[in-house]
Amino acid sequence: MAISLRLSEDDSMLFKDYAQMHNMTVSELIRQSVLERIENEYDLASYEKAIAEFKENPVTYSLDEVKKELGL
């Protein structure tokens with residue numbers, strides 16, 4: 001899929017310079033940046049869910065307890 005993106009001249013130069021600094025194309029930079037943003041949002045949602053579950057049932061286990069439970 002091809003996507004076009006309209007940028008100001010300043011933004012365009014910033015993107016190109018940054019991509020060149022990191023030995024990547026502008027397309028790779030944009031793709032990687034968008035994927036990182038999506039991943040960060042999924043991570044934040046997982047964290048918020050885990051915190052909510054912990055607040056409902058604040059039980060924790062030590063590493064030794066987990067090993068014993070799993071038979072390790």
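What you see is a predicted model; the values in this text were computed from it and never measured. One-based numbering along the sequence shown.
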**Item:** Minimum-distance pair of heavy atoms, taken over all atoms of Phe15 and Leu7
**Value:**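 Scanning both residues, the minimum pair turns out to be CD2-CD1, 3.8 Å.
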
Quick one: pull up [atom1] in [X] and [atom2] in [Y] and give me the separation to the nearest 0.5 Å.
{"X": "Arg31", "Y": "Thr25", "atom1": "CZ", "atom2": "OG1", "result": "10.0 Å"}
{"X": "Glu9", "Y": "Leu14", "atom1": "CD", "atom2": "CG", "result": "12.0 Å"}
{"X": "Ser46", "Y": "Glu39", "atom1": "OG", "atom2": "CD", "result": "10.5 Å"}
{"X": "Leu29", "Y": "Asn23", "atom1": "CG", "atom2": "CG", "result": "12.5 Å"}
{"X": "Ser62", "Y": "Lys68", "atom1": "OG", "atom2": "NZ", "result": "10.0 Å"}

Same hydrophobic cluster for [X] and [Y], using side-chain heavy-atom links shorter than 4.5 Å among ILVMFWY?
{"X": "Ile30", "Y": "Ile38", "result": "yes"}
{"X": "Val26", "Y": "Ile3", "result": "no"}
{"X": "Leu5", "Y": "Val34", "result": "yes"}
{"X": "Val66", "Y": "Val59", "result": "yes"}

**Message:** So, using side-chain contact (heavy atoms from CB on, under 4.5 Å) as the criterion, who are the partners of Leu72 when residues are at least two apart?
**Reply:**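 Here the qualifying residues are Lys67, Leu70.
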
Atom [atom1] of [X] with >12 non-hydrogen neighbours under 6.0 angstrom:
{"X": "Glu69", "atom1": "CD", "value": "no"}
{"X": "Glu48", "atom1": "CD", "value": "yes"}
{"X": "Phe54", "atom1": "CZ", "value": "yes"}
{"X": "Gln20", "atom1": "CD", "value": "no"}

**Request:** Using atom types as modelled and distance alone, determine if a side-chain donor or acceptor of Glu56 lies under 3.5 Å from a backbone N or O of Glu53.
**Result:** no

